[in-house]
Amino acid sequence: MQTSKEPITVDFHFDILCPFAYLTSRWIRNVRDQRPLTINWRFFSLEEVNLEPGKKHPWERTWSYGWSMLRIAALLRREDAALVDRWYARAGSALHEAGQKPHDPSVARGLLEEIGLDPALVDLSMSDPSLDDEIRADHERVLTAGGFGVPTLIFENGHTLFGPVLIDPPSGEEALELWNMVETASRYPNFFELQQPKGPSQMQAITKALEPYLTGRDWKSINRGAEVRFGEGANGVCPKCAS
């Protein structure tokens, strides 16, 4: 199989709350291990995009599930983008593979220590409102491009793609094959959608893949048009909101 060896950069917008974004991040990291790919980790808030009327914005709360984990990431990004990579990988695996609660401040402190970082970053991130501006800027970038959720990829040519949505991220040659398809799609500005319908067996597989996430979450999910559009809201497992 052939794949381009030219260096490429892609912005990967994520919310640590989202299991689909996390699974896609595992795939794209594997691609990065095999070819000259730079991933810029950028933010998006499922809490904000699915905010219920009358609720506080996530940045108006002292602690807010996904937004607070993104505050930690934003603080780390100021120091070194590689630290965001480490934090997302560890917090994501805790929630989506082990069913832990990285959105709990005490758990977040422990996870930071595990990856060699200062647990005091949790409190520092809560005391710096300028971090909220940085998260909002990333979030608005996706909305301005017409996006509605994560994973969202923005390529160097400005083309924006939602997905790929995966539950069993491929590795090795298969990861590169999928990357070739995604990168090719990024060159077609009027290519909008290629979707696999989700029948009973696919929905069962999705539910099974999300079991750790469903154990770890402390929020309710809200099913809206965008989620129903690609099928994850059909049985209540869609993670598109944490309010």
Side-chain angles (χ1 to χ4, degrees), residues 12-25 41-77 84 86-115 117 119-129 131-140 142-143 147-152 209-224 226-227 232-233 236-243:
F12 187 115
H13 286 259
F14 71 95
D15 187 328
I16 295 174
L17 295 182
C18 182
F20 298 104
Y22 171 69
L23 290 166
T24 301
S25 76
W41 299 107
R42 305 287 292 268
F43 311 131
F44 186 82
S45 174
L46 299 174
E47 294 169 292
E48 176 62 16
V49 79
N50 290 294
L51 189 69
E52 292 183 280
K55 294 279 189 177
K56 289 184 177 180
H57 294 285
W59 58 83
E60 295 176 326
R61 306 169 193 159
T62 303
W63 186 266
S64 183
Y65 301 118
W67 192 274
S68 291
M69 290 192 286
L70 292 179
R71 279 185 185 139
I72 296 169
L75 186 58
L76 292 171
R77 190 170 66 178
V84 181
R86 286 164 57 189
W87 167 240
Y88 181 26
R90 186 64 193 95
S93 66
L95 175 59
H96 302 299
E97 296 186 48
Q100 296 177 308
K101 301 178 185 292
H103 49 279
D104 181 302
S106 62
V107 176
R109 292 185 185 98
L111 295 176
L112 286 166
E113 280 193 293
E114 286 182 22
I115 58 175
L117 298 175
L121 289 166
V122 172
D123 298 289
L124 288 172
S125 70
M126 294 167 62
S127 64
D128 186 348
L131 296 170
D132 297 329
D133 297 333
E134 296 176 26
I135 299 168
R136 277 195 298 266
D138 280 7
H139 178 86
E140 290 296 328
V142 173
L143 297 182
F148 56 85
V150 287
T152 291
L210 298 192
E211 282 178 355
Y213 157 79
L214 295 172
T215 298
R217 72 174 181 176
D218 290 317
W219 49 86
K220 66 178 181 178
S221 294
I222 295 176
N223 297 331
R224 294 189 177 173
E227 289 78 69
E232 290 132 22
V237 300
C238 179
K240 294 302 177 198
C241 184
S243 59

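In this chain, numbering begins with 1 at the start of the sequence shown.
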- prompt: When the ring planes of Phe14 and Phe12 are compared, do they come out parallel, tilted or perpendicular, using 30° and 60° as the limits?
  reply: tilted
Which atom of His13 lies closest to which atom of Phe44, heavy atoms considered: CB-CB, 4.5 Å
task: Hey, could you give me the OG/CD1 distance between Ser45 and Ile16, rounded to the nearest 0.5 Å?
output: 11.5 Å
field: Minimum heavy-atom distance between Trp41 and Arg77, given as atom pair plus value
entry: O-NH1, 3.3 Å
Thr152 vs Arg42 side-chain heavy atoms within contact, under 4.5 Å: no
- prompt: Do Arg109 and Asp123 sit within salt-bridge range, that is, some charged N less than 4.0 Å from a carboxylate O?
  reply: yes
message: Among Cys18, Pro151, Pro19, exactly one meets side-chain contact (heavy atoms from CB on, under 4.5 Å) together with Thr24. Which residue is that?
response: Pro151
query: Which atoms form the tightest heavy-atom contact between Thr62 and Ser68, and what is the distance?
result: O-OG, 4.3 Å
- request: Taking the side chain as every heavy atom from C-beta outward, state whether Arg136 and His57 have any pair of such atoms under 4.5 Å apart.
  value: no
- request: Supply the atom-to-atom distance Gln100 CD to Thr215 OG1, rounded to the nearest 0.5 angstrom.
  value: 11.5 Å
Inter-residue atom distance Ile115.CD1 - Leu76.CG, 0.5 Å rounding: 7.0 Å
field: Polar side chain donor-acceptor pair, Asp132 to Trp67, under 3.5 angstrom
entry: yes
- prompt: Looking only at heavy atoms, what is the nearest atom pair of Ile135 and Ala74, with distance?
  reply: CG1-CB, 4.2 Å
- prompt: Is there side-chain contact between Ile72 and Leu112, with heavy atoms separated by less than 4.5 Å?
  reply: yes
- line: On a heavy-atom basis, the closest approach of Leu131 and Arg71 is CD1-O, 3.7 Å
message: Once rounded to the nearest 0.5 Å, what's the spacing between atom CG of Leu17 and atom CZ of Arg217?
response: 10.5 Å
message: If you compare all heavy atoms of Pro58 against all heavy atoms of Glu48, which two are closest, and at what distance to 0.1 Å?
response: CD-OE1, 3.1 Å
- prompt: Atom NE2 in His96, atom CZ in Phe20: separation rounded to 0.5 Å?
  reply: 10.0 Å
- request: Quick one: sort the Tyr65 and Trp219 rings into parallel, tilted or perpendicular, breaks at 30° and 60°.
  value: tilted
